[in-house]
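Everything below concerns the one structure shown next.
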Amino acid sequence: MPKVIENVGCPYCGCSCDDVRVTVSDDGKDILEVENVCAIGTEIFKHGCSKDRIKLPRLRQPDGTMKEISYDEAIEWTARHLIKAKKPLMYGFGSTNCEGQAAAARVMEISGGMLDNCATICHGPSFLAIFDNGYPTCTLGEVKNRADVIVYWGSNPAHAHPRHMSRYSIFPRGFFTGKGQKKRTVIVIDPRFTDTANVADYHLQVKQGHDYELFNAFRMVVNGHGDDLPDEVAGIKKETILEVAEIMKNARFGTTFFGMGLTHSDGRNHNIDIAISLTRDLNKVSKWTIMAMRGHYNIAGPGVVWSWTFGFPYCLDLTKQNHAHMNPGETSSVDMAMRDEVDMFINIGTDAGAHFPYPAVKQLKKHPWVTIDPSINMASEISDLHIPVCICGVDVGGIVYRMDNVPIQFRKVIEPPEGVMDDETLLNKIADRMEELIAKGEA
């Protein structure tokens with residue numbers, strides 16, 4: 001008989017939805033049905049039992065073709081190249097469980113290399129602002145149960161986080177928000193009229209790159225200087241700013257969700273800095289929190305794991321023994337790649353081939369490139385070695401951190417293809433082999 005597994009975690013976006021129902025075949029190898037999940041999450045679950053899935057590592061041959069090899073050969077190849085490299089870089093981890101991220105830290109400590117995650121090209125500016133200005137945040141459960149004013153600034157959850165609005169912010173009925181959307185005011189601030197803006201009560205079409213000015217205008221109103229505003233700020237009329245600011249001041253509980261529209265436009269970390277300052281100002285007259293819309297389902301994980309391991313969340317330089325160093329701009333992945341400082345690159349749980357600038361990819365491609373990922377992607381297709389692994393939340397469990405930094409235990413629902421390793425096992429075997437080679441004097 002088919003088996004129904006409740007409370008499964010979805011391995012797609014930062015919502016890390018853990019209410020998924022999965023029906024699996026009686027032999028535990030096929031997924032028959034997936035419920036309470038978005039379309040993208042459904043495809044990830046389906047890929048877990050796909051017959052086309054890569055099941056063995058592939059090594060590039062001198063003629064450019066890829067040849068299947070054993071996991072032992074892949075581990076040996078990776079370990080020897082890591083030891084040989086003077087400045088290797090391991091980057092990614094958006095789709096890796098926390099156990100795998102801890103094992104990666106062990107590998108790069110032994111190799112004396114660089115360790116970085118996807119935040120370096122998305123919410124890295126948010127980290128810098130939080131270091132400077134604090135983080136008056138909360139959990140998504142508190143938003144659902146308490147928030148009556150929701151602001152989406154520079155984010156479009158209708159596309160990027162498909163269940164965010166229905167599960168946590170606009171539509172759900174919580175303990176103190178029993179009427180759901182009817183008693184919530186939704187404000188979207190975005191240069192485009194997005195699908196999220198389509199369900200908002202107010203859409204402020206801010207001029208591209210002028211978010212900082214609009215934040216300043218709201219701060220002026222909250223601090224009693226609204227009369228001093230010009231007739232228009234960042235493309236928004238004074239009357240609209242005053243009206244929306246009044247709604248914010250009178251909120252019982254408000255939350256601002258900000259996305260890469262702020263971290264990737266003019267101002268970057270300063271946009272987040274002033275957003276946090278606005279939140280602090282609003283807390284003088286109301287109750288407000290702020291939260292980053294993190295992209296991948298466990299991209300918050302490495303920031304937590306490495307912070308308690310090394311003291312820093314990303315852009316880690318482990319080249320000096322017993323000493324970790326972080327300096328974005330110097331130790332961030334793209335910057336190092338552009339300077340051609342990296343002499344071995346490991347892409348894990350992401351797709352640097354698709355997301356890095358072409359000049360950075362071109363520099364990295366000069367040196368050994370390993371991709372550790374369950375799927376074929378642009379990075380795997382230009383790699384020297386592609387090692388397939390299990391999919392967290394599908395054929396291996398593990399801890400992940402939701403976008404609000406709440407840890408969630410993901411569950412395994414099917415058996416992995418025979419012989420396929422999970423990230424933690426693979427990385428620990430690489431670390432073990434490196435230690436053996438060093439002990440033999442082959443380093």
Side-chain angles (χ1 to χ4, degrees), residues 13-14 94 116-135 137 150-161 164 186-198 200 202-221 229-230 232-237 240-241 244-245 248 255-282 290-296 299-300 303 313-315 328-329 332-335 338 354-360 403:
C13 75
D116 202 1
N117 62 68
C118 297
T120 194
I121 60 168
C122 58
H123 273 284
S126 304
F127 276 137
L128 298 179
I130 291 165
F131 296 159
D132 286 342
N133 211 6
Y135 196 36
T137 189
I150 304 290
V151 176
Y152 284 114
W153 199 316
S155 62
N156 183 20
H159 289 182
H161 302 80
H164 192 273
V186 181
I187 302 161
V188 171
I189 302 173
D190 200 295
R192 303 168 300 158
F193 187 80
T194 62
D195 285 338
T196 304
N198 199 38
Y202 293 87
H203 173 223
L204 278 60
Q205 196 160 359
V206 62
K207 191 184 297 183
Q208 177 69 42
H210 289 254
D211 302 271
Y212 192 94
E213 298 168 30
L214 187 56
F215 277 119
N216 252 338
F218 280 125
R219 291 191 71 194
M220 286 180 65
V221 178
L229 286 176
E232 185 177 295
V233 178
I236 309 299
K237 299 292 185 185
T240 303
I241 295 172
V244 171
M248 291 178 172
T255 300
T256 299
F257 292 105
F258 67 91
M260 288 168 60
L262 293 185
T263 63
H264 277 209
S265 60
D266 291 347
R268 293 174 177 81
N269 58 299
H270 300 293
N271 289 333
I272 315 306
D273 199 309
I274 198 169
I276 294 168
S277 295
L278 173 60
T279 306
R280 186 181 295 114
D281 291 343
L282 285 166
I290 188 168
M291 191 180 302
M293 295 287 282
R294 306 301 300 274
H296 300 285
I299 190 51
Y314 75 132
C315 297
S332 37
S333 296
V334 172
D335 296 284
M338 295 291 284
H355 303 147
F356 275 12
Y358 174 71
M403 66 165 63

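At distances below 3.5 Å, not a single donor-acceptor pair connects side-chain atoms of Y202 with backbone N or O atoms of V244. Side-chain atoms of Q205 come within 3.5 Å of backbone atoms of P191 as a donor-acceptor pair (strictly under, hydrogens ignored). Side chain of T263 to backbone of R268: no donor-acceptor contact under 3.5 angstrom is found. At distances below 3.5 Å, at least one donor-acceptor pair connects side-chain atoms of H161 with backbone N or O atoms of R294. Looking at D116, its side chain does come within 3.5 Å of a backbone N or O of S333 through a donor-acceptor pair. Checking side-chain atoms of T196 against main-chain N and O of A158 turns up a donor-acceptor pair under 3.5 Å. Distance alone, capped at 3.5 Å, is enough to place a donor-acceptor pair between the N117 side chain and the P313 backbone.
Minimum heavy-atom separation, I299 to C118: CD1-CB, 3.4 Å. Nearest heavy atoms, G261 versus S265: O-OG, 2.7 Å. Listed here is the closest heavy atom pair of M260 and C122: SD-CB, 3.6 Å. The minimum heavy-atom distance between G94 and H296, with the atom names listed, is O-CB, 3.2 Å. Across all non-hydrogen atoms, the minimal contact from H264 to I121 is NE2-O, 2.7 Å. Taking all atoms of both residues into account, the shortest heavy-atom contact from M293 to P157 is CE-CB, 3.8 Å.
Rounding to the nearest 0.5 Å places NE2 of H159 at 13.5 Å from SG of C13. Between the CZ atom of R219 and the CG atom of L282 there is a distance of 10.0 Å, given to the nearest 0.5 Å. Within the model, atoms CD1 of I274 and OG1 of T279 stand 11.0 Å from one another, a figure rounded to the nearest 0.5 Å. Here the CD1-CD1 distance, from I272 to I290, works out to 7.0 Å after rounding to the nearest 0.5 Å. L204 CG to I236 CD1: the interatomic distance, rounded to the nearest 0.5 Å, is 4.5 Å. N156 CG to F257 CZ: the interatomic distance, rounded to the nearest 0.5 Å, is 14.5 Å.
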For side chain to side chain contact (heavy atoms under 4.5 Å, CB included), just list the numbers for S126 and F258, CA-CA rounded to whole Å, side-chain angles, deciding distance to a tenth of an Å, and then say yes or no. CA-CA 10 Å; S126 304; F258 67 91; 3.2 Å; yes
Is there a side chain to side chain contact (heavy atoms under 4.5 Å, CB included) between I241 and L214 once you walk through the steps? CA-CA 8 Å; I241 295 172; L214 187 56; 3.9 Å; yes
How far apart are the C-alpha atoms of H164 and Y152, what are their side-chain angles, what is the distance that settles it, and do they pass the ring-ring contact (aromatic ring centres under 6.0 Å, His included) test? CA-CA 11 Å; H164 192 273; Y152 284 114; 5.7 Å; yes
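F193 and H203 have perpendicular rings, their planes meeting at more than 60° on a 0 to 90° scale where under 30° would count as parallel.
Side chains of R280 and N133: a donor-acceptor N/O pair is present below 3.5 angstrom, by distance only.
Within the 4.5 Å cutoff, the side chain of F215 has heavy atoms near those of the L262 side chain. For the pair F218 and I189, the minimum side-chain heavy-atom distance is below 4.5 Å.
The side-chain hydrogen bond (donor to acceptor under 3.5 Å, both in side chains) with W153 is formed by just one residue from the set D190, T256, N271, D211; it is D211.
Heavy atoms of other residues, nucleotides or ligands lying less than 6.0 angstrom from CD of E232 number more than 12.
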